[in-house]
J.: 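Let me begin by handing over the structure; questions about it come next.
Counting convention: from 1, in listed order, for ligands and their atoms alike. Residue numbers run from 1 in the order of the sequence given.
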Amino acid sequence: MPLGRFRIGNGATEHPGSSNVRVIAVINQKGGVGKTTTTVNLSAALARRGFRVLVCDMDPQANLTVHLDKRPDLESNTMTNLLVEDAPIQDLVQATNEERLSIVPSDTSLAGVEQVLANRIGRETILREAIEAFEKRNEFDFVFLDCPPSLGVLSANALVAASHVVIPMQAEYLSLQGMAKLMEVIQLVQKRLNPALSVALVLPCMLDSRTNLTTEVLREIEQYFGPQLAKTRIRNNVKLAEAPSFGRTIFEHAPDSNGARDYDAVAQELLEKLGVQTSPAVADKPAPRAQEEPPAAEAAAES
Ligand SMILES: Nc1ncnc2c1ncn2[C@@H]1O[C@H](COP(=O)(O)OP(=O)(O)O)[C@@H](O)[C@H]1O
Ligand SMILES: [Mg+2]
């Protein structure tokens, strides 16, 4: 597959017609690869650097909503209201425990949306239109879309609304097979609906750097993706797996863990990829603790 067709994110790939909001779809049709963990902790890392971040739960399983300590069954306004009833985003946004990090929650009703929208004309552009209307309010610097483990209408809405894609993946042999299908879909969306879409980062998650297989698979992933493969690796870290049950981000749960260090390093790498230097709010904000120690990519897995 010609890699040249996926532009690397930089100033030249701004979301069309928008202000400076970066809309980032965190996508991989495989479940359990680290999408939700990445959405939560990458967003939190950016929020702690002073950026205003909105995360949107696009998965009917609502893991993101629960991870950020929201109770989906009690929420009256969710992503379903946006997609089915055109509810404006400002009516759905809720604060989280993290300063500058907000969420549009979801619940299980989102599972029925694919069917409800099946015959609706323009069903793939609903989220984009909602975000475009919302961007005018200039309330956020980043919007993250946590996608479900499928490539249906919900993921299509995310890809059409996004300026950039982040693809968490595991360094396993079978992961590569799914990548070809995902790239095909991304290319199709670029061609038909969203020419400005670009792959910012392919992010290896839950890495166990002790096995030879991991090294081999990473080499193959690098051949396939070239510079789109992130330099940062998210190591296997038990603190990252614990954090959701406390309804906390890794920076609240274990700020000195490898998980916090790795996700802060991804935030730095993403900002560099997108050509974002700083944000207005960041100047007087002390850097998060996790930033002080450089990520040790090859260090032992647990901390
Ligand atoms: N780096 C990591 N180390 C250990 N556990 C992780 C790591 N990343 C994610 N997990 C755990 O793996 C499971 C799947 O991750 P998740 O982010 O929910 O994947 P997805 O959203 O792609 O389905 C979750 O239980 C999560 O807590
Ligand atoms: Mg998930």
Side-chain angles (χ1 to χ4, degrees), residues 24-45 55-70 72 78-79 103-108 110-111 144-152 154-155 157-159 165-172 174-175 177-179 181-182 201-211 214 217-218 230 232-267 269 290 295-303:
I24 298 176
V26 181
I27 193 165
N28 187 331
Q29 75 274 29
K30 199 166 183 299
V33 296
K35 292 182 291 297
T36 301
T37 306
T38 297
T39 304
V40 166
N41 296 307
L42 175 53
S43 305
V55 292
C56 297
D57 197 343
M58 304 294 295
D59 186 350
Q61 293 176 77
N63 291 345
L64 176 72
T65 304
V66 175
H67 194 146
L68 286 169
D69 206 20
K70 300 288 160 187
T78 66
M79 185 50 75
I103 183 171
V104 172
S106 86
D107 63 10
T108 49
L110 196 56
F144 281 86
L145 309 170
D146 183 29
C147 292
S150 60
L151 293 172
L154 296 168
S155 290
N157 263 275
L159 289 174
V165 171
V166 169
I167 305 174
M169 71 181 294
Q170 283 178 285
E172 288 171 357
L174 290 176
S175 309
Q177 288 188 326
M179 274 308 111
K181 175 72 190 162
L182 178 57
L201 289 177
V202 175
L203 181 64
C205 288
M206 296 181 232
L207 225 77
D208 183 353
S209 54
R210 288 168 294 196
T211 70
T214 303
V217 174
L218 277 175
T232 312
R233 274 94 179 88
I234 306 297
R235 289 165 282 182
N236 232 320
N237 181 238
V238 71
K239 298 289 180 201
L240 283 169
E242 282 170 11
S245 62
F246 294 95
R248 294 187 194 139
T249 71
I250 192 66
F251 301 100
E252 296 166 298
H253 179 61
D256 288 322
S257 63
N258 282 341
R261 278 190 278 280
D262 292 349
Y263 274 107
D264 191 61
V266 181
E269 189 172 353
E298 302 302 330
E302 302 295 336
S303 164

J.: Quick one: do the Asn63 and Thr36 side chains pair a donor with an acceptor below 3.5 Å?
T.: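 No, because no side-chain N or O of Asn63 sits under 3.5 Å from a partner of the opposite role on Thr36.
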
J.: Looking at Thr39, is its backbone amide N or carbonyl O close enough to the side chain of Asp146 to form a donor-acceptor pair, meaning the two atoms are under 3.5 Å apart?
T.: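 Checked: no pair found.
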
J.: Main chain of Gln170, side chain of Ser175: is a donor-acceptor contact present, judged purely on distance under 3.5 Å?
T.: yes

J.: Heavy-atom cut-off of under 4.0 Å around ligand 1: list whichever protein residues fall inside it, by chain and number.
T.: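 Heavy-atom contacts below 4.0 Å: Gly31, Gly32, Val33, Gly34, Lys35, Thr36, Thr37, Met206, Ile234, Arg235, Asn236, Asn237, Leu240, Ala241.
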
J.: Does the side chain of Leu218 come within less than 4.5 Å of Thr214's, by heavy atoms?
T.: yes

J.: Strictly distance-based, threshold 3.5 Å: is any side-chain N or O of Ser155 a donor or acceptor partner for the main-chain N or O of Ser150?
T.: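 Yes; at least one donor-acceptor contact below 3.5 Å.
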
J.: Starting at CG of Leu174, measure out to NZ of Lys30 and round the result to the nearest 0.5 Å.
T.: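 The distance works out to 7.0 Å.
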
J.: Can you list, by chain and residue number, the protein N, O or S atoms under 2.8 Å from the Mg ion (ligand 2)?
T.: Thr36 OG1

J.: With no hydrogens and no angle check, just 3.5 Å: does a side-chain donor-acceptor pair link Tyr263 and Thr38?
T.: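 The criterion, which ignores hydrogens and geometry beyond distance, is satisfied for Thr38 and Tyr263.
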
J.: Between OG1 of Thr249 and CG of Leu68, what distance do you get to the nearest 0.5 Å?
T.: 7.5 Å

J.: Determine yes or no for a side-chain-to-main-chain donor-acceptor pair under 3.5 angstrom, with Asn28 supplying the side chain and Pro168 the backbone.
T.: yes

